[in-house]
Protein chains: 2
Amino acid sequence: MSAQMEIGTPVAARMASLDQPLRMAGTVIHVGEGREIFAEGGDTHLFYKVISGVVRVCRFLNDGRRQIEAFHVAGEVFGFEPGEARSLSAEAVGDCSLVSYRRSHIETLAQKDQAVAHQLFQYVLQNLAQAQGHALVLGRRGAAEKVAAFLLGWARHSLDKNVIHLAMTRQDIADYLGLTIESVSRSLSQFERDGVIALPNARQVRMLNTDALEDLVA
Amino acid sequence: MSAQMEIGTPVAARMASLDQPLRMAGTVIHVGEGREIFAEGGDTHLFYKVISGVVRVCRFLNDGRRQIEAFHVAGEVFGFEPGEARSLSAEAVGDCSLVSYRRSHIETLAQKDQAVAHQLFQYVLQNLAQAQGHALVLGRRGAAEKVAAFLLGWARHSLDKNVIHLAMTRQDIADYLGLTIESVSRSLSQFERDGVIALPNARQVRMLNTDALEDLVA
DNA sequence: CGCTTAATTGATCAGGGTCAATCGTGGTGG
DNA sequence: CCACCACGATTGACCCTGATCAATTAAGCG
């Protein structure tokens with residue numbers, strides 16, 4: 001766990017200050033692959049922090065279409081929504097360890113501890129920036145550009161920036177990028193033909209030419 | 001939603017809760033149509049609240065493509081970003097009156113006044129929810145559905161829910177929805193032919209059959 | 001009353017979706 | 001240990017929505 005917490009050093013470093021007071025305020029839970037963490041319509045009393053694993057936060061349309069709003073990895077906080085009722089749901093992409101916090105409890109804590117309040121604010125800001133970056137990708141990019149942006153974003157979470165392990169299926173990627181499984185697959189295959197990446201297996205991506213991907217999303 | 005002020009209530013009442021402590025903390029500014037409020041690369045020292053008018057917050061790609069992340073109307077707060085440097089820019093869609101707040105100043109204030117802290121948090125949460133709703137529209141909806149969602153969203157801001165006045169151009173709408181000018185225009189024309197809306201002029205939309213639009217975005 | 005800019009409309013094209021077949025891989029049981 | 005099965009991923013053929021290119025109309029404004 002400690003190794004994974006170190007990912008994204010600046011964030012992890014900042015988190016230390018929050019973890020001190022928050023450690024005992026939360027409850028550690030384990031969620032199996034594909035299991036629900038919270039559902040649309042549920043209440044917003046709890047929010048969560050990822051210890052290990054990957055979480056997807058998503059929304060469904062009545063016809064079954066799904067939009068994944070965000071993937072969350074170790075160190076990130078999710079589950080904030082205005083109002084009482086959730087409009088989003090969250091599931092474990094793979095087995096996950098999380099800490100759940102009672103919102104009211106943390107808000108009380110934040111009143112006393114200025115650092116907690118500030119940290120909490122930063123977490124929400126982080127989610128906001130992530131959502132806005134996501135909107136840019138969804139609105140103004142072609143299929144290949146979307147996939148390139150996804151790979152680069154994911155590489156940032158990787159220990160070894162040259163070998164990415166994808167925790168999620170092609171369907172998850174497609175639903176995150178507003179594409180179909182087939183378009184994701186075709187883009188990846190094309191990148192491989194172009195010598196930009198290698199795909200040792202479906203879940204692993206070796207980055208051979210990061211610059212080429214950067215150019216696409218520039 | 002509880003913290004979101006209803007548009008349509010008197011301005012003074014709408015802003016009362018945050019304005020009581022914040023009134024003297026902020027500076028009222030007026031921004032002419034199309035003028036920049038802040039730019040990508042600038043610092044994040046200030047954030048803003050809309051008194052009147054409409055603001056667009058957007059991002060540009062190197063090739064000139066633009067994605068409008070959000071439109072903000074009276075009562076809404078915008079300009080929050082993590083880090084020191086902005087990755088977004090903001091412009092007045094039409095003439096605007098805003099209050100600008102110094103972030104450091106407000107944070108000091110929030111330490112003392114619990115209500116301010118809570119209110120601030122709600123505003124950011126509101127922005128987050130808005131961004132996530134936007135992502136759903138961008139990722140998983142066709143052109144007509146996008147335009148329908150936009151009209152309904154905008155109708156919520158309208159005094160008279162049956163006659164919408166659009167503050168922005170077709171280009172703005174297109175850049176918000178990830179479409180082209182032409183697709184927006186065609187969708188609107190189609191709605192008009194179907195008797196769902198009327199277009200007395202380019203900036204005014206009369207809602208004739210809201211349910212039909214609701215069905216599209218259901 | 002032109003001039004300029006925004007919006008609409010039409011014709012064509014292409015990117016990505018859909019449908020369908022095949023491949024690959026990991027897991028299970030004989 | 002290997003064969004089979006099931007599910008995910010890939011690939012191909014075709015189609016459709018929305019982008020692009022281009023012309024026309026409408027609306028402000030000096």
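Throughout, a chain's letter reflects where its sequence line sits, starting with A, and its residues are numbered from 1. Side chains are part of it too, since the values below use all heavy atoms of this structure and drop only hydrogens, waters and symmetry mates.
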Sub-3.5 Å pairs of nitrogen or oxygen atoms, protein against nucleotides 23-28 of chain C:
none

Are side-chain heavy atoms of A/Val147 and A/Leu179 found at a separation under 4.5 Å?
yes
Could you report the tightest heavy-atom contact between A/Val31 and A/Ala92, atom names first, then the distance?
CG1-CB, 3.7 Å
With sequence neighbours excluded, what pairs up with B/Arg170 under the salt bridge (Lys or Arg N to Asp or Glu O under 4.0 Å) test?
none
Answer yes or no: is there an ion pair linking A/Arg59 with A/Glu69, defined by an N-O contact shorter than 4.0 Å?
yes
When rounded to whole Å, the CZ to P distance for the pair A/Arg170 and C/dG16 reads 18 Å
Identify, with sequence neighbours excluded, every residue that meets salt bridge (Lys or Arg N to Asp or Glu O under 4.0 Å) alongside A/Arg35.
none
Pairs touching residues 163-189 of chain A that satisfy ring pair (Phe, Tyr, Trp, His ring centres under 6.0 Å), sequence neighbours left out:
A/Phe71-A/Tyr176, A/His134-A/Tyr176, A/Phe150-A/Tyr176
Contact list for DNA chain C against residues 176-188 of chain A - heavy-atom distance below 4.0 Å
A/Gly178, A/Leu179, A/Thr180, A/Glu182, A/Ser183, A/Arg186
Which whole-number value in Å describes the distance from B/Asp175 CG to C/dA7 P?
12 Å
Considering residues at least two apart in sequence or located in another chain, which fulfil the salt bridge (Lys or Arg N to Asp or Glu O under 4.0 Å) criterion with B/Arg66?
B/Asp172, B/Asp175
Got a sec, which pairs hit ring pair (Phe, Tyr, Trp, His ring centres under 6.0 Å) with one end in residues 195-218 of chain B, sequence neighbours left out?
none
CD of A/Glu192 versus P of D/dA9: gap in Å, rounded?
15 Å
Whole angstroms only, please: what is the CG-P distance between A/Leu216 and C/dG15?
14 Å
Rounded to whole Å, how long is the line connecting atom CE of B/Met168 with atom C1' of C/dA6?
15 Å
In residues 56-69 of chain A, what residues come within less than 4.0 Å of DNA chain D, judged by heavy atoms?
none
Taking C-beta and beyond as the side chain, do B/Leu61 and A/Leu136 meet within less than 4.5 Å on heavy atoms?
yes
With sequence neighbours excluded, residues passing side chain to side chain donor-acceptor pair (under 3.5 Å) with B/Gln130
none
Pair A/Glu81 + A/Arg103: basic N to acidic O under 4.0 Å
no
For B/Glu192, side-chain contact (heavy atoms from CB on, under 4.5 Å) partners two or more places apart:
B/Ile197, B/Leu199
Axis-to-axis angle across the helix from C/dC1-D/dG30 to C/dG30-D/dC1, five pairs each end, nearest 10 degrees, ~ 30°
Would A/Arg86 pass as a cation-pi partner of A/Phe38, given that its NZ or CZ must be under 6.0 Å from the six-membered ring centre and within 45 degrees of the axis?
yes
With a 4.5 Å cut-off on side-chain heavy atoms, are B/Leu188 and B/Leu151 touching?
yes
The test is side-chain contact (heavy atoms from CB on, under 4.5 Å); show your working for B/Gln132 and A/Leu88 and say whether it passes.
CA-CA 9 Å; B/Gln132 286 173 334; A/Leu88 299 166; 3.2 Å; yes
To the nearest angstrom, the CZ-C1' distance between A/Arg141 and D/dG18 comes to 19 Å
Figure out the CG/C1' separation between A/Leu199 and D/dG8, and round it to whole Å.
14 Å
Figure out the CD1/C1' separation between A/Ile173 and D/dT10, and round it to whole Å.
14 Å
Any N/O pairs under 3.5 Å between the protein and nucleotides 1-5 of chain C? List them or say none.
none

Is the number of heavy atoms from other residues, nucleotides or ligands under 6.0 Å of B/Arg203 CZ greater than 12?
yes
Upstream residue (5' side of DNA chain D) when A/Arg140 and A/Arg203 are each assigned their closest nucleotide:
A/Arg203
